[in-house]
Q: 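One structure, pasted below without further comment.
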Amino acid sequence: MGQRNRLQYIILGLLDQRPQTGYDLTKAFDNEIGEFWQAQHSQIYPLLKRLEETGDITHEVTMTGEKLAKKQYQLTPAGHEKLVTWIGEPSPELTALKDEFILKLYFIKTADDPRLQPMLQEQILLHQRQLQHLLHRRETVFADQAAIDQAYGHYLILDHAIEREQHYVQWLERYLTPRKDS
């Protein structure tokens, strides 16, 4: 199943949470959804049109201020059923991640390659920053057990992302050579 096919289910799922504009849907990829799936507005808007043509979603035009009209999309019963069916289907394949750093590592031949340590240092900083962001998101979004209970799958994804980043930092640090001038 291609990425474009899966994107329709993300949109259906987001609209199942509440009616949203195309802009709202695009912004959803900046936080939690962006942890495991990427999409650009150039993918989202044409897909909204197709989902509306197939009867999975509909929209209402709302006015913001005096002149700005926005399309507020919502799920139809058919779209909800499509989402429920998809969630219940098996997910029997692993998806390869596209990680440029890992790709570059593949081409490093020796442990003393002068590019290796700066690469590791850069990645440690990036992953530590991401870990701090995720920990802050967990504090903000899941401040109490009631919040966890209302969005348990979301909580599991965030917990997974935190553990992934913690492990990634530990793995990088294992291969980081202490600087001689320290």
Q: Give a yes or no on whether the backbone of Asn5 and the side-chain of Gln8 come within a donor-acceptor separation of less than 3.5 Å.
A: yes

Q: Does the pair Met63 and Leu68 meet the rule for a side chain to side chain contact (heavy atoms under 4.5 Å, CB included), with working shown?
A: CA-CA 6 Å; Met63 295 301 287; Leu68 185 59; over 6 Å; no

Q: Consider side-chain contact (heavy atoms from CB on, under 4.5 Å). Of Thr58, Asp16, Leu14, Asp56, which one does Leu75 pass it with?
A: Asp16

Q: Looking at Glu100, I want to see if its CD is surrounded by more than 12 non-hydrogen atoms of other residues, nucleotides or ligands under 6.0 Å.
A: no

Q: Nearest 0.5 Å, what's the CD1-CG distance between Ile57 and Leu48?
A: 4.5 Å

Q: Can you tell if the side chain of Glu163 reaches within under 4.5 Å of the side chain of His167, non-hydrogen atoms only?
A: no

Q: Check whether any side-chain heavy atom of Glu173 lies under 4.5 Å from a side-chain heavy atom of Leu120, and answer yes or no.
A: no

Q: Same cluster or not: are Val169 and Phe101 linked, directly or through other Ile, Leu, Val, Met, Phe, Trp or Tyr residues, by side-chain heavy atoms under 4.5 angstrom apart?
A: no

Q: Between Gln123 and Gln121, is there a side-chain heavy-atom distance shorter than 4.5 Å?
A: no

Q: Provide the closest heavy-atom pair for Gly55 versus Ala78 in the form atom of the first, atom of the second, distance.
A: O-CB, 3.9 Å

Q: Do Tyr106 and Ile102 come within less than 4.5 Å of each other through their side chains, counting heavy atoms only?
A: no

Q: Using a distance-only test with no angle check, is there a side-chain donor-acceptor pair under 3.5 angstrom linking Thr110 and Asp113?
A: no

Q: So how far is it from Tyr155 OH to Phe142 CZ, rounded to the nearest 0.5 Å?
A: 8.5 Å

Q: If I take atom CZ from residue Arg137 and atom CG from residue Leu134, how far apart are they, to the nearest 0.5 angstrom?
A: 9.5 Å

Q: Under 4.0 Å between a side-chain nitrogen and a carboxylate oxygen: does that hold for Lys27 and Asp30?
A: yes

Q: Can you tell me if Tyr45 uses its side chain to pair, donor with acceptor, with the backbone of Tyr23 under 3.5 Å?
A: yes

Q: If we only count heavy atoms from C-beta on, is the Arg6 to Trp37 side-chain gap below 4.5 Å?
A: yes

Q: Going only through I, L, V, M, F, W and Y residues with side-chain contacts under 4.5 Å, is there a path from Ile162 to Tyr168?
A: no

Q: Taking the side chain from Gln43 and the backbone from Gln40, do they hold a donor-acceptor pair closer than 3.5 Å?
A: yes

Q: With rounding to the nearest 0.5 angstrom, report the CD to CD distance, Glu165 to Gln128.
A: 10.5 Å

Q: Check the hydrophobic clustering (I, L, V, M, F, W, Y; side-chain heavy atoms under 4.5 Å; chains of links allowed) and say if Leu126 and Leu131 are grouped together.
A: no

Q: For Gln72 and Glu60, indicate whether the former's side chain and the latter's backbone hold a donor-acceptor pair under 3.5 Å.
A: no

Q: For the hydrophobic clusters of this structure (ILVMFWY residues joined by side-chain heavy atoms under 4.5 Å, transitively), does one cluster hold both Val84 and Ile10?
A: no

Q: Could you grab the distance from atom CG of Leu116 to atom NZ of Lys109, nearest 0.5 Å is fine?
A: 13.5 Å

Q: Would you say Tyr175 and Gln117 make side-chain contact, with heavy atoms under 4.5 Å?
A: no

Q: Is Lys82 close to Leu12 at the side-chain level, that is, under 4.5 Å between some pair of heavy atoms?
A: yes

Q: So, the side chain of Asp24 versus the backbone of Thr21: is there a donor-acceptor pair under 3.5 Å, distance only?
A: yes

Q: Does Glu52 reach the side chain of Tyr73, with side-chain heavy atoms less than 4.5 Å apart?
A: yes

Q: Is the closest side-chain donor-acceptor distance between His59 and Gln74 under 3.5 Å?
A: no

Q: Is it the case that one hydrophobic cluster holds both Ile33 and Val141, taking links as side-chain heavy atoms less than 4.5 Å apart, direct or via other members?
A: no

Q: Please report the shortest heavy-atom distance between Met119 and Ile108, naming the atom on each side.
A: SD-CD1, 4.2 Å

Q: Working to the nearest 0.5 Å, report the span between CH2 of Trp171 and CZ of Arg164.
A: 13.5 Å

